[in-house]
Number of protein chains: 2
Amino acid sequence: MEETTSKKGAKKAEAKAKKEAEKARKAAEREAAAASSSTGAAAEDLAKDNYGDIKTANQSSTVEYVPLRELGEKHIGQTIELRAWIQNSRMQGAKMAFVELREEGSWAIQGVVAASAEGTPVSRQMVKWIGGVKLESFVQVEATVQKPLEPVKSCKVSDYELHITKLYLVAPAPEMLNLGLATANRVVGSLAEQDETADPNVEAGLNISEGAPVASLATHLNNPAMHKRAAVSQAIADIRISVEDLFGEYLRERRFKKFHPPCLIGAASEGGSNVFKLPYFDSEAYLAQSPQFYKQFEIAGGRKRVYCVGPVFRAENSNTPRHMTEFIGLDLEMEIQKHYHEVLHMLEGVLLYIFRGLTVRCREEIDLVRSVYPSEEFLLPEPGKEIRLTFAEGQALLRSEGPPEYAEVKDDEDMSTPQEKALGALIKKKYNTDFYVLDKFPVDARPFYAMPDPENPKLTNAYDFFMRGQEILSGGQRLHLPAELEAHIRFKGLDPQQPGIKEYVDVFKSVGVPPHGGGGIGLDRVVAFYLNLPTVHLVSDYVRTPKRLSP
Amino acid sequence: MEETTSKKGAKKAEAKAKKEAEKARKAAEREAAAASSSTGAAAEDLAKDNYGDIKTANQSSTVEYVPLRELGEKHIGQTIELRAWIQNSRMQGAKMAFVELREEGSWAIQGVVAASAEGTPVSRQMVKWIGGVKLESFVQVEATVQKPLEPVKSCKVSDYELHITKLYLVAPAPEMLNLGLATANRVVGSLAEQDETADPNVEAGLNISEGAPVASLATHLNNPAMHKRAAVSQAIADIRISVEDLFGEYLRERRFKKFHPPCLIGAASEGGSNVFKLPYFDSEAYLAQSPQFYKQFEIAGGRKRVYCVGPVFRAENSNTPRHMTEFIGLDLEMEIQKHYHEVLHMLEGVLLYIFRGLTVRCREEIDLVRSVYPSEEFLLPEPGKEIRLTFAEGQALLRSEGPPEYAEVKDDEDMSTPQEKALGALIKKKYNTDFYVLDKFPVDARPFYAMPDPENPKLTNAYDFFMRGQEILSGGQRLHLPAELEAHIRFKGLDPQQPGIKEYVDVFKSVGVPPHGGGGIGLDRVVAFYLNLPTVHLVSDYVRTPKRLSP
């Protein structure tokens, strides 16, 4: 939608936005000048102690601080204190101003300040000064809670308003914002990182979508404070927190123990490509691509079930909406008693717990995100009717019912991303679910530590999980006997004696290690795929790509 | 204690241990030979299907799996299944063997296998074979639960024993362990990393303490599977998990939001020394020394209160028991409404919640650790009587009541580590607490972002927290107005325009940022100081020092 906007449209919008911003700036300057000349005439301003810089405020105020989320009928008529951002303001004549005060997330309330006939506690000068405070400044407010004449549609707190008696500026915002709140709360206009290099000013990213200005993703990310203040960003961040919480809850309940794998490792264990390397005192170190080996060391170390949540690193020069060079992995590993499907079912269980939990805990946040980034509800299989196909069954489905280009896909070749998406569409049509598992991947598509299928050495006891046709989890049973592990390392063309691999195999030689398996999920991808966002870069707290290391 | 042991003693012990190991190995070989010759005569062994490699086992066994922690009176007489490590075994004559089966942590039970007169289901060959299974092998057991004649002192499950009817080898341990379980469960014999270079064989680390062999820390860390299997290691790891859990619980309850700061950053923001640097595509990156800037960006981004748990990196060539190059930081940051002591009290609150929570949740683990590493109970102040001294009061106490070398310490100079410890001893004597706060640190001892004391520009609104005289937390109020921030950056001899710092200041220029403060704790140090362990390296899941990147 926003990506089809022509360049011409974008330029026009940019010019328009610049013009409007300039107009706003000049108006603000006039207001400010007027306000300061008024407050200059301090002798006449009986309200002069009720506004201005925070330093003029009485810091030992005993008025009760009431968070907006707790505001209720009992507060009507009471004087309360509040600290908030001014997210919007307008003057109505010279004697009255309306300000929208946002406290946190999308919690905002309308404030009214009106000069009383007697001139105190609110003066005309005070109204003017408040009307001139720059948007996104942080202020301290004393006000009386009242019922508005009619509900305030523009604010989340619509049943109350604040009649302001004091307002102090705690931290001023600049004359002009690089990214306004309304724009920050809209869909990103473009995913291209290049926008930011064309013009360091943010307006370069401005674009038109459905008539209102939108900014590029680069503009959003270059202005972290305003990007993060948007209600949609806070909702995405809150959903992300819940995914992590739900993951941990489910596993702790099942006696999983948390641990922290290291980021710095002594050897590029899984082949050497796509690994960041750094000088380390007299030697060198690498950044871990996954906690794989360390999860297995925990199992070897006598833990029955472990999980970890932490950063992993990929030095891959991939500039796509799915890739980041640093992201948070949610990983687990567990002992297998009878069958590796114990692990598959555990992973399925934790993901279903997350998906079902989100609809309860984050209903409001999900709806808020959908109001900006529309998406269909994420469809789950009915309990007990989880969809598990073998890789070969998936390929067969593609061959028989998929697009013609997949008429001859092979059972022993890995799937491409478009192939996965096509299969996702077929499965959704057939089974009415956005979540499913492909099991028994061919041995060629799996790493050296994957356990081969005991009945067919061309297959493995390994699986991928999918969300809306996109891979979200890779996992499987691992080789736990050192002789088999070494043989498989050689079979994969690697040397069991090479640095990193030797230390790994040595652990399996040092003790008896139980059969085990696990899997790993990318936290940002789960959220992005669940909400069907255009990029995982809208989910990460601080995006890291080949082109972005800041902020 | 163990460190005073002479080198001669160590050598003697080493020689003794080697001799014993050799003896054990030969005995084992004899047993194995005997066993295999017996099982070779398969025709005579009526129990031959009841033991051996797991491949010979009936994999569709329907016997109930009962975890040892759930074993109770109701199981007496029942046949159960168990998977466990053999942690000890001994033959009693040719017809009976005892094996200690450890399932998880310190959960172990005695197993008995006795050849019955009829020769089935247990044969003499089976008893011999089981007695010869290598220690720390992983086995699958079918057994009947019985009451032992008298409680089994050597096992945690002392009221029951297992009469083994089947035992299969799932994953064999090697002929000889590099680090035995008894040694892994003892105090480390030396903290020196050098031991490992002297001799790649583990016995090099063997030492004598109170008559039994102990191994160096290096030996422990080089044998992660056995080091981690020790009950004392699992207890320390469990306490560490609880510290992290308690930290998050307390903060979530108070509306703190979790986020993930990045590890990869574009500039060495806090000066440039002690920072790991790495090539990053066509540019370079650094590893974050702390989440400081990112916590503040979250506050600027409209979050009222945030916390994070994740790795931080220090490229410091410090080889002490307190230092690591990578460790897990527990950090928080919050908006201040009236006074920065809101933050100080929050940090005090979360630490007291952790300390009090540990004594409830981890009583057993703490006692287990103390049985290996004796320490005094960690003393807390009475509720409402928390000890908070100013830095100057601390120095005055040192001058007046401390050792003579501190008779002239100055109020505007930072404390050394020995000075801190001396003060800790004085405070413990005077106030009977191991936990206290020093507030109002001199400006010279604090980073550029510390808020100066509004009443005395030589001081800051910043504090350190201490455990047993050792600093555990640094925190304070931060500068939130860009002009003051830039002035302070210059005052500290830095350039507000330099890479990393410019992007930081720009965030404060881009919007109004509320007053805020926070603090950070090292997870491993909290645990090490609480338990008074000889080194944080016993706490970290995977130790990283200038000399250690493996395993």
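Being a predicted model, the structure only gives us computed values, none of them experimental. Just so we're on the same page: letters track the sequence lines, and every chain starts at 1. Computed over heavy atoms, backbone and side chain alike; hydrogens, waters and symmetry mates excluded.
- Closest approach of A:P279 to B:F276, counting heavy atoms only: O-CD2, 4.1 Å.
- Among the candidates A:D245, A:V170, A:D238, A:L135, the residue making the largest number of heavy-atom pairs closer than 4.5 Å to chain B is A:D238.
- Using a 4.5 Å cut-off between heavy atoms, B:R305 makes no contact with chain A at all.
- Using a 4.5 Å cut-off between heavy atoms, B:V543 does not touch chain A at all.
- Between chain B and the options A:K509, A:R69, A:E103, heavy-atom pairs under 4.5 Å are most frequent for A:R69.
- Heavy-atom distances place no part of B:S242 under 4.5 Å from chain A, backbone and side chain included.
- For chain A, no part of B:Q296 is nearby; none of its heavy atoms comes within less than 4.5 Å.
- There is no contact between B:D282 and chain A, counting heavy-atom distances below 4.5 Å.
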Steps toward side-chain contact (heavy atoms from CB on, under 4.5 Å) verdict (B:E81, A:K338): CA-CA 12 Å; B:E81 193 181 293; A:K338 303 255 182 207; 3.2 Å; yes
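- One finds the CZ atom of A:F281 at 8.0 Å from the CG atom of B:N319 (value rounded to the nearest 0.5 Å).
- Contact count against chain B (heavy-atom pairs under 4.5 Å) is highest for A:E326 among A:E136, A:R240, A:E326.
- Per-residue heavy-atom pair counts under 4.5 Å with chain A were compared for B:E335, B:R252, B:H227, B:H480, and the maximum is reached by B:E335.
- Only the side chain of A:F313 comes within contact range of chain B, with heavy atoms under 4.5 Å apart.
- Taking both residues in full, the closest heavy atoms of B:G512 and A:F138 are given as O-CB, 4.2 Å, listed atom of the first, atom of the second, then distance.
- We find the CD1-NE2 distance between A:I241 and B:H260 to be 8.5 Å, quoted to the nearest 0.5 Å.
- Between B:G302 and A:R229, the shortest heavy-atom contact is N-CG, 4.0 Å.
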Residues A:T325, B:Y280; criterion side-chain contact (heavy atoms from CB on, under 4.5 Å); working and verdict: CA-CA 10 Å; A:T325 52; B:Y280 189 82; 2.7 Å; yes
Candidate pair A:D541 and B:K257, rule salt bridge (charged side-chain N to carboxylate O under 4.0 Å, His left out), full reasoning: CA-CA 12 Å; A:D541 289 320; B:K257 303 265 194 176; over 6 Å; no
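- Only the side chain of B:L287 comes within contact range of chain A, judged by heavy atoms closer than 4.5 Å.
- Note on B:A315, B:P172, B:G266, B:P546: by heavy-atom pairs under 4.5 Å with chain A, the leading option is B:P546.
- Only the backbone of A:I299 comes within less than 4.5 Å of a heavy atom of chain B; no side-chain atom from C-beta onward does.
- Interatomic distance, B:R303 CZ to A:E104 CD, rounded to the nearest 0.5 Å: 7.5 Å.
- Annotation: the span from A:L278 atom CG to B:Y286 atom OH amounts to 12.5 Å, rounded to 0.5 Å.
- A donor-acceptor contact shorter than 3.5 Å links the side chain of A:Q234 to the backbone of B:G301.
- Proximity of B:P514 to A:W85: side-chain heavy atoms (C-beta onward) are separated by under 4.5 Å at one or more points.
- Heavy-atom distances place the backbone of B:P261, and not its side chain, under 4.5 Å from chain A.
- Summarising the geometry, atom CD belonging to A:E284 is positioned 10.0 Å from atom CG belonging to B:L549; distances are rounded to the nearest 0.5 Å.
- For the set A:V139, A:L481, A:N317, the entry with the most heavy-atom pairs within less than 4.5 Å of chain B is A:N317.
- Note that the CG atom of A:L264 and the SG atom of B:C263 stand 9.0 Å from one another [nearest 0.5 Å].
- Interface residue B:P311: only side-chain heavy atoms are found under 4.5 Å from chain A.
- Ring geometry for A:Y294 against B:Y542 counts as perpendicular: the plane angle is over 60°, on a 0 to 90° scale with 30° as the lower cut.
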side-chain contact (heavy atoms from CB on, under 4.5 Å) between B:I265 and A:R544, worked out: CA-CA 9 Å; B:I265 54 175; A:R544 292 297 181 255; 4.1 Å; yes
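- With a 4.5 angstrom heavy-atom cutoff, A:K304 touches chain B via backbone and side-chain atoms both.
- Of the two parts of B:L523, only the side chain, counted from C-beta on, holds a non-hydrogen atom closer than 4.5 Å to a non-hydrogen atom of chain A.
- When each of B:S550, B:P224, B:P551 is checked for a side chain to side chain contact (heavy atoms under 4.5 Å, CB included) with A:E503, only B:S550 meets the rule.
- When each of A:R102, A:M226, A:E244 is scored by its heavy-atom pairs under 4.5 Å with chain B, the top score falls to A:E244.
- Per-residue counts of heavy-atom pairs under 4.5 Å with chain A were compared for B:S540, B:S510, B:A300; the largest is that of B:A300.
- Residue contact with chain A, scored on non-hydrogen atoms closer than 4.5 Å, involves the side chain of B:Y65 exclusively.
- Taking A:H339, A:E298, A:K277 one by one and counting their heavy-atom pairs under 4.5 Å with chain B, the maximum is reached by A:E298.
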